[in-house]
Structure formats: structure tokens, C-alpha cells
Amino acid sequence: MLLLLLAYLGGVLTLLSPCILPVLPFVFARADRPFLRSTLPLLLGMALTFTVVASLAAVGSQWVAQANQIGRWVALVLMAVFAIALLWPTLADHLLAPFQRIGARLSARADAADAAGRGGAWTSLLIGIATGLLWAPCAGPILGLVLTGAALNGASVGTSSLLLAYALGAVTALALAVWVGGRVFRALQARLGLGNVVRRVLGVAALLAVVAIGLGWDTGLLTRLSAVSTARIEQGLLDALPDAQPAAPPMMMMAAGQAGAPLPVEGTLPSLSGATGWLNSPPLTAEQLRGKVVLIDFWTYSCINCLRAMPFVHEWAQRYRDHGLVVVGVHTPEFAFERDPRNVMKAVQQLKVEYPVALDNQYSIWRAFNNRYWPAHYFIDAQGNIRGHQFGEGNYAHSEQVIRRLLVEAGQTDLPPPADPAAADLQGVATQADMGNLRSPETYLGHARAEQFASPGGQRADAAFGYTLPSTLALNQWGLSGQWRVNDEAAQLQQAGGRIAFQFHARDLHLVLAPGEDGTPVRFRVLLDGKPLPAADAGADVAADGTGTVNEHRLYQLIRQRGTVGPHRFEIEFLDAGVQAYAFTFG
């Protein structure tokens with residue numbers, strides 16, 4: 001219930017965000033009509049359409065994304081016709097005649113009834129449904145958590161209910177605004193005789209809104225120009241209701257438990273039958289693992305946090321494998337290329353993973369554990385009970401102590417001494433993060449989760465576009481230059497010579513990259529503050545002269561500063577077309 005309330009409040013705050021501006025003309029255009037027959041059906045149509053589309057989008061299927069884009073263009077046409085109807089009612093009658101003949105007769109009758117004061121609910125509902133396809137609420141902390149949970153756990157009645165609560169919150173705020181706007185409209189019409197003028201002004205505003213949405217300004221320019229941000233308010237709500245807050249986004253660090261505390265039973269080991277394949281082992285079942293102490297390690301091979309935790313998991317697997325410990329890696333992909341078993345198999349070989357790995361491409365095991373994190377470690381005793389967990393990297397000594405306690409409970413008496421985390425041989429990306437100098441967050445380049453994008457004009461979703469880099473970037477802002485096509489997960493370069501720039505503050509900078517769709521390698525060179533990258537600061541995947549090649553789908557370490565760490569402008573220039581850039585991570 002608290003989650004539903006939180007989602008509803010997040011929707012109410014949508015009225016303060018800039019992303020609501022493009023749909024306001026359509027809503028206010030009917031503010032002078034009866035609320036129950038006109039405004040309420042319109043708003044309910046918006047809420048219903050947003051809920052359905054957002055729930056389908058949570059599934060993540062490509063056909064859904066394509067259908068959504070088609071739906072937006074159909075909605076734009078409907079909204080343009082509606083705007084023309086406000087400007088020139090006679091012309092609108094001629095434009096709508098074909099639609100009336102092939103199936104819009106009900107809408108036309110509803111319009112006539114509305115004009116006669118007898119109804120019009122169906123017309124308003126149709127406009128609301130079309131407006132809902134155009135509505136792209138700003139993904140603040142609350143909606144972001146709802147959508148993240150939906151994407152990771154799949155569409156369900158629960159996630160759809162949260163999305164509906166969010167939409168109804170926005171509808172409530174809009175209804176209040178329309179009520180006030182309607183009173184103003186009627187006052188102007190009665191006292192100043194400006195009804196036709198106001199109607200035409202709203203028609204012009206609606207046409208401009210159609211243009212703005214068609215050009216992508218509704219999710220780009222308006223967001224950056226807004227003087228009102230609801231993110232701080234929404235985060236305050238999340239902080240005020242900690243019990244209602246969903247699990248934090250993936251790849252964050254989170255300690256679990258205190259050393260020496262009793263180990264409670266947190267549940268039982270769920271079924272592993274949802275795995276789509278296994279590496280290094282035949283399929284394992286929970287029954288087969290009974291009698292062993294088991295460490296379940298959720299990971300994905302492009303996750304920097306997983307890569308930094310992996311040497312410690314390897315150490316435990318080797319140190320205690322003859323004493324009853326079984327480590328099972330559950331590879332749950334974040335990006336589409338991580339679903340390819342060939343890519344995972346290659347990563348397993350390169351990372352020297354020798355323990356069993358379950359391929360969890362359908363998120364079945366992830367959902368069975370109700371997991372939210374990469375990496376996540378679950379500690380299971382010999383009776384099949386979950387006795388502890390660790391979310392995120394770090395806390396390694398405590399995790400090993402949990403393993404040792406469970407082995408002792410299982411009857412093991414001759415254990416080797418515990419490992420010394422400080423003595424671990426950590427190289428390359430496995431080197432632990434410099435948390436004291438880490439000021440830059442993980443940043444996605446695909447339009448579904450992109451933040452802090454600073455190139456003029458904003459991102460153009462799923463369309464090739466020529467981007468330019470700003471002359472200056474604020475901390476953690478980034479941009480593109482050249483011809484790129486940005487999809488929901490990544491930005492793909494269409495022509496050689498494109499660049500990505502990021503103003504960061506961290507010791508290490510990594511970028512998840514992939515070669516062209518045909519596998520052709522892509523050459524690159526790295527610049528730091530506009531100059532060739534110093535050899536001393538080159539990452540593991542960059543040569544001394546600042547050059548490198550993208551030839552695999554993986555995370556690339558591009559910068560590892562050896563001296564004083566401070567803010568810098570990173571740029572990478574790709575000398576060939578086709579590269580796909582997914583996400584920045586830092587350390």
C-alpha cells in the first residue's frame with residue numbers, strides 16, 4: 001500500500017515537471033466543457049494508455065518498442081487533426097469525413113452530442129488515449145524505481161498497479177489544473193467575449209506541441225530548460241518512507257549484516273531450473289546441492305562491480321572446494337549482447353571462471369531470489385536454507401566468515417586459514433575503486449536510462465542524427481558528436497569520426513563497448529582535456545599512444561590515473577563506423 005501511495009505522489013509531482021508541457025494544450029482545450037463528460041474521460045484515457053504502454057515496455061521486447069513508436073506517430077496525426085479542428089472547424093469536418101466512413105462514426109456522434117450538450121465522452125476518451133501515447137513523464141526517482149523493478153522482474157499485476165497509481169496521480173494533478181483553467185476560460189468567454197480567440201490560441205498551442213513531440217523536444221530540450229525539478233522532492237519522499245522504497249538500482253554497493261551476528265534463516269534455495277544453459281557443469285538442482293554449503297553469485301560480465309568482486313569469489317571457490325563449498329555463478333544479463341551464450345562463454349574463459357555458471361537469460365533465477373543487484377552473493381547452508389547475503393562489492397572478510405561458519409555447521413573441522421583481502425593480487429579492472437576520489441556515477445548512453453546528456457537538441461530516440469559536442473561540460477555531463485543512432489540500450493556510430501565526451505572525476509574510467517553489428521573491429525583514440533592521453537594514465541585497453549581497438553562486446557578500461565585525481569574532460573574518437581557504446585562506469 002505504501003508503494004502505491006508513493007507512486008501516486010510521484011505522479012502528482014509530474015505536474016511540476018517540464019515533460020507534462022507538450023500535452024497540456026490538448027487537456028486544456030476541453031477545459032470549458034463538462035468535467036464528467038469531457039475532462040474525466042480524457043484524463044482516464046491518458047492514464048489507461050500510459051499504464052498499458054509502460055507495462056508492455058517493461059517486457060523489453062523489440063516489437064513492443066517498435067509498436068510504441070508507431071503508436072506515437074499515429075497519436076501525433078490524431079492530435080494534429082484535433083488541433084486543426086480547434087482552428088478551423090469547417091476544414092476539420094472535411095478532414096474527418098473519411099474516418100467517419102471507415103470506423104470513426106461513433107466518435108463523430110459523440111462530438112455531435114458534445115456540441116449539443118448531451119455527451120461527448122467517447123470523443124474525450126479517444127483524445128485521452130491518443131494523448132497517453134504522446135505522454136512521456138520525466139523519469140524521476142519514483143518512476144525510475146518503478147520502471148527498473150518492472151524491467152528486471154517482468155510485467156505483472158503489481159508493477160502495472162504501480163504504473164496505474166503513478167498515472168492516476170498525474171491525472172489528479174491535471175484535473176485540478178483543468179478545473180482552475182476551466183473557470184478562467186469561462187470567465188474570459190462570458191466577460192470578454194474571447195471564446196473563439198482562446199480556442200484558436202489553444203489550437204496553435206496544440207499544433208506546436210505536436211511539432212515539439214515530433215522533434216523530440218518533449219524529452220530533451222524541455223527537460224534541460226526546466227527551472228523546476230521534482231527529483232529532490234521525490235527523493236525526499238523515498239527517504240521519508242524507507243519501508244516503501246523498492247530495492248536500489250543494480251550495481252550499487254550495499255553491506256549486509258555485521259560480523260559475529262547470528263545467521264538467521266532468510267528463506268530456502270529456490271529452484272535453478274529456469275536456467276537457459278550451463279557452463280562448466282551439467283545442470284544443477286537445489287536437491288543435488290543439498291548437503292553442500294553453496295555460494296550463489298549473481299553477476300554479468302560487463303559489470304565493473306562484478307569484475308572487482310570476482311577475484312575474491314575465485315579465491316573462496318579454490319580455498320574451500322575440498323571442504324564442502326560449491327560456488328554457482330548465475331549470469332543474469334543487463335545488456336542484450338550478454339544474452340549470447342558465445343559471448344558469455346568467451347568471458348568465462350578470459351576471466352578464468354572454473355565453477356558452474358547458470359545462464360539466466362530469462363531472469364527466472366533472478367526473480368526466484370527476488371534479487372535486485374549485480375553483484376549479489378547468497379550464502380546457503382547444507383540444509384538448503386539461505387543464511388546470509390551480500391549486495392554489491394566489498395565486505396569480503398565478513399562474507400568469508402559467513403562461509404566458514406556454515407562449513408563448520410556442516411561438520412567441517414579442518415578448514416584452511418581465511419584469506420587476507422589486502423593481499424589479493426588485483427590487476428586491471430579488478431583493482432578496487434578509489435572511493436575517496438569517486439565523484440562520477442554509472443551513466444547509460446541508451447535513451448531508456450540516459451541522464452546528463454548535454455549535446456544541443458537532446459537525444460533523438462531510434463533515429464540517425466548529427467550531434468555536436470558542447471564547448472564546456474559540467475561535472476558528469478556528457479555528449480556526442482557525429483552521426484549516431486541512439487536506441488534504448490546504446491548509441492551506435494553511423495559514420496567514422498564520431499566522438500563521445502564526458503566530464504568526470506574518478507581515478508578510473510570504463511566504457512562498455514561493442515564492435516559493429518557484423519563484428520568488424522573499430523579503432524579509437526583517447527584524449528584527456530583535449531590532449532593525447534598520457535601513457536602513464538592509459539587504461540588496460542589503451543596503448544601507450546592513446547589508441548585501441550573495440551573487437552569484443554565487453555567493458556573497456558580506458559583511463560587509470562596514476563597521479564593526483566581530479567576533474568577531467570574525457571573524449572574518445574572512433575576512427576571507424578559501427579561502434580556501439582552502452583555505459584560509463586568509474587572507479
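Starting from 1, each residue takes its place in the sequence as its number.
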Check the pair Val579, Trp484 against side-chain contact (heavy atoms from CB on, under 4.5 Å), reporting the backbone distance first and the verdict last.
CA-CA 10 Å; Val579 73; Trp484 293 82; 4.2 Å; yes
Between Gln452 and Asn476, does a side-chain hydrogen bond (donor to acceptor under 3.5 Å, both in side chains) hold up when you go through it step by step?
CA-CA 7 Å; Gln452 300 276 36; Asn476 298 327; over 6 Å; no
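- Contact check for Pro515 versus Val550: side-chain heavy atoms found under the 4.5 Å cut-off.
- Sequence neighbours left out, not one pair with a member in residues 264-291 passes salt bridge (charged side-chain N to carboxylate O under 4.0 Å, His left out).
- Partners of Asp537 by side-chain hydrogen bond (donor to acceptor under 3.5 Å, both in side chains), not counting sequence neighbours: none found.
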Could you walk me through whether Leu269 and Ile296 pass side-chain contact (heavy atoms from CB on, under 4.5 Å), step by step?
CA-CA 9 Å; Leu269 175 62; Ile296 300 291; 4.2 Å; yes
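- Ala317 meets the side-chain contact (heavy atoms from CB on, under 4.5 Å) test with Val327, Tyr355; sequence neighbours excluded.
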Just distance, no hydrogens or angles: give the donor-acceptor pairs under 3.5 Å from side chains in residues 498-506, sequence neighbours left out.
unit_1 : atom_1 : unit_2 : atom_2 : d
Arg499 : NH1    : Glu571 : OE1    : 2.8
Arg499 : NH2    : Glu573 : OE1    : 3.4

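- Counting only residues at least two apart or in different chains, side-chain hydrogen bond (donor to acceptor under 3.5 Å, both in side chains) contacts with residues 408-418 comprise Arg387-Glu409.
- When the salt bridge (charged side-chain N to carboxylate O under 4.0 Å, His left out) test is applied to Arg523, the partners found at least two apart in sequence or on another chain are Asp576.
- Take Arg560 and apply the salt bridge (charged side-chain N to carboxylate O under 4.0 Å, His left out) test, not counting sequence neighbours, and it matches Asp508.
- Under a 3.5 Å cut-off, the side chain of Arg439 and the backbone N or O of Gly566 do not form any donor-acceptor pair.
- In this view, Ala450 and Gln459, Trp478 satisfy the side-chain contact (heavy atoms from CB on, under 4.5 Å) rule, not counting sequence neighbours.
- The aromatic ring centroids of Tyr444 and Phe584 lie 6.0 Å or more from each other.
- In this structure Glu338 satisfies the salt bridge (charged side-chain N to carboxylate O under 4.0 Å, His left out) test with no other residue, sequence neighbours excluded.
- Evaluation of the side-chain contact (heavy atoms from CB on, under 4.5 Å) rule for Thr547 yields Arg525, Ala543, Asp545 as partners, not counting sequence neighbours.
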Begin from the C-alpha positions of Asn305 and Tyr373 and carry the test side-chain hydrogen bond (donor to acceptor under 3.5 Å, both in side chains) through to its verdict.
CA-CA 10 Å; Asn305 308 77; Tyr373 303 94; over 6 Å; no
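- Taking the centre of each ring, His389 and Phe391 come in below the 6.0 Å mark.
- Under the ring-ring contact (aromatic ring centres under 6.0 Å, His included) test applied with Trp374, the options Phe335, Tyr301, Trp366, Trp299 reduce to a single match, Trp366.
- For Arg339 and Phe337, the positive end is not near the middle of the six-membered ring at less than 6.0 Å and at most 45° from its axis.
- With sequence neighbours excluded, the residues forming a side-chain contact (heavy atoms from CB on, under 4.5 Å) with Ala419 are Glu315, Arg319, Glu400, listed by chain and number.
- For residues 273-283, the side-chain hydrogen bond (donor to acceptor under 3.5 Å, both in side chains) pairs, not counting sequence neighbours, are Ser271-Ser273.
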